[in-house]
Amino acid sequence: MADFNHAYIGRLVQKAQRGNSDAFAELYAITYQHTYNYAAHYLRDTNLAQDALQEIYILALRNITGIKEPALFVAWLNQICFRVCYDMERKNRQEYGENNPELLELISDEYIDHNPEDVTETADEASRLKEAIMSLPFNEQQVVVMRYYNDMKLEDIASALGCSRSSVKRYLISARERLKTMLRKGEEDV
Amino acid sequence: MFRRNKIYSINKKAANEALQNVFAACEQTPNTQSLDALLFRNIANTTLVKTGKWLSIALMVLILICPAVFYLEGKNASAIPHKTDITVTGHYLDTENGCFVMQLSGSNIDYDGIYAKAEDGTVIYPIEADESGEVRFRFESGTLNIFIPDTEGGIVQAVLSK
C-alpha cells in the first residue's frame, strides 16, 4: 500500500475545502499515480485510465466540501475511483456480465438447479445478487467485481489495490460467505 | 514465485494536462505552483526523508562536539606540556673513581627511570640513584646525554661533555 501521510493530507483537504487550488493540486500530486495505477489495472486500457483519472478528480473537486473526515481523503478517493471505473467498464464492455455464472455457482448452489443444463438465471436472482454485491464492504465489493466481472487475476487485483495477493484472497473468501448469508436470508424472506 | 506485479504510471505532462482539465471542468482557478514543485514537496514530506534529515543533523552536531570531548579528555594527558620542578643543585667529576656525580632536588623524581645516552647511542644506567638526590654515572670522557624523568611524565635533560 502506498505510504500516505494522512494527517498532512487532512490539512490539505481542509485548505482545498476553502477553495485553495494549490492544496487540491498537491492532493492530486500525492495520489494521482496510485489512482492511475488502479484505473489502468481495472480498465486494462491506459487511454481509458487517463479519461478515468480526469473523471475521478473532477468528482473529487466538486464534492470535496462534503468530506466529514479530511484525514480519510484517500479512502474516499478510492471509492470514487472504483465507482468511475465500474461505470466506465460497463459502458465499454460489449456484453456486460450481469449474471456471472462462476460467482453464482460459488455462492448460491442452493438456488441454482443442480442440473447444469437447466441453469436459468432469473432476472430476480441476478438483481438480488447485484444488490448483495453492492452492499458488501468496499474492499470486498471491489475484489468481487474485479475478479468475477472483469476476469482480473488475483495478482492484478493486488497491484491495483496496492495490497498483497493473500489479502485479495481473504477479501474474496469473506465476500463469498457474506453473499451466501445475504442471499440465504433473502430467500427466507421471500 | 518472484514475479513482480506490473505498476502502471502516467507521465508528468499528461498528469499535468489532466489536472488543468479538472480545474477547467470545475470552473476553478488553476494551481499557481507547478506539479514538479508539488511532487518534490511530497517527496520531502515523507517519513523516510524527514528521518534522514534529523539523522544528518544529529550526525553533524556529533561531529562538531567531538573535538571538545577530546580536549576535555586530554587535559590530564601528557600531550599538554607538563612543568617539572627537577633541578640539578650540584655536580662534580669523581676522577678517582671515574664517575660523574650530580645532586638533584625536586618533587616526584623518578630515580628508577634515570638514564643516559653515550655518543654512540648506547644507553647507560646510573651506578647509583636514590632518594637522597645523588646520582652517579660511570664516566671518564666523551659526551653523555642524561635524562631525568619525574613520575608525571615530565623530563629534564642534561648534557655532560669532557
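Note on naming: letters A, B, ... go to the chains in the order of the sequence lines (proteins, then strands), and numbering restarts at 1 for each one.
- Both the backbone and the side chain of A:Ile58 come within less than 4.5 Å of a heavy atom of chain B.
- Follow the hydrophobic side-chain contacts under 4.5 Å out from A:Tyr149 and you reach A:Phe138 in the same cluster.
- Using a distance-only test at 3.5 Å, with no hydrogens or angles considered, no donor-acceptor pair links the side chain of A:Asn37 to the main chain of B:Ile7.
- Counting heavy-atom neighbours within 6.0 Å of B:Tyr125 OH, excluding the residue itself, gives a total of 12 or less.
- Put simply, B:Leu38 and A:Leu53 are part of two different groups of oily side chains (I, L, V, M, F, W, Y) that touch within less than 4.5 Å, one to the next.
- In this structure, the side chains of B:Ile10 and A:Tyr32 come closer than 4.5 Å at one or more pairs of heavy atoms.
- Linking ILVMFWY residues whenever their side-chain heavy atoms come closer than 4.5 Å, directly or via other members, leaves B:Tyr115 and B:Ile146 in distinct clusters.
- In this structure, A:Gln50 CD and B:Tyr8 OH are separated by 13.0 Å, a value rounded to the nearest 0.5 Å.
- In terms of hydrophobic clustering, with Ile, Leu, Val, Met, Phe, Trp and Tyr side chains grouped at heavy-atom distances under 4.5 Å, A:Tyr38 and A:Leu72 are assigned to different clusters.
- Annotation: the span from A:Asn20 atom CG to B:Thr32 atom OG1 amounts to 8.0 Å, rounded to 0.5 Å.
- Crowding of A:Glu69 atom CD: a count of heavy atoms from other residues, nucleotides or ligands under 6.0 Å not exceeding 12.
- B:Ser105 meets the side chain to side chain donor-acceptor pair (under 3.5 Å) test with B:Thr87; sequence neighbours excluded.
- B:Val22 places a side-chain heavy atom less than 4.5 Å from the side chain of A:Phe24.
- Of the listed residues (A:Leu61, A:Ile64, A:Leu59), just one forms a side chain to side chain contact (heavy atoms under 4.5 Å, CB included) with B:Cys26, and that residue is A:Leu61.
- Remark: the backbone N or O of B:Leu35 is not paired with any side-chain donor or acceptor of A:Tyr28 at under 3.5 angstrom.
- The shortest heavy-atom contact between B:Gln28 and A:Ser21 is NE2-OG, 3.1 Å.
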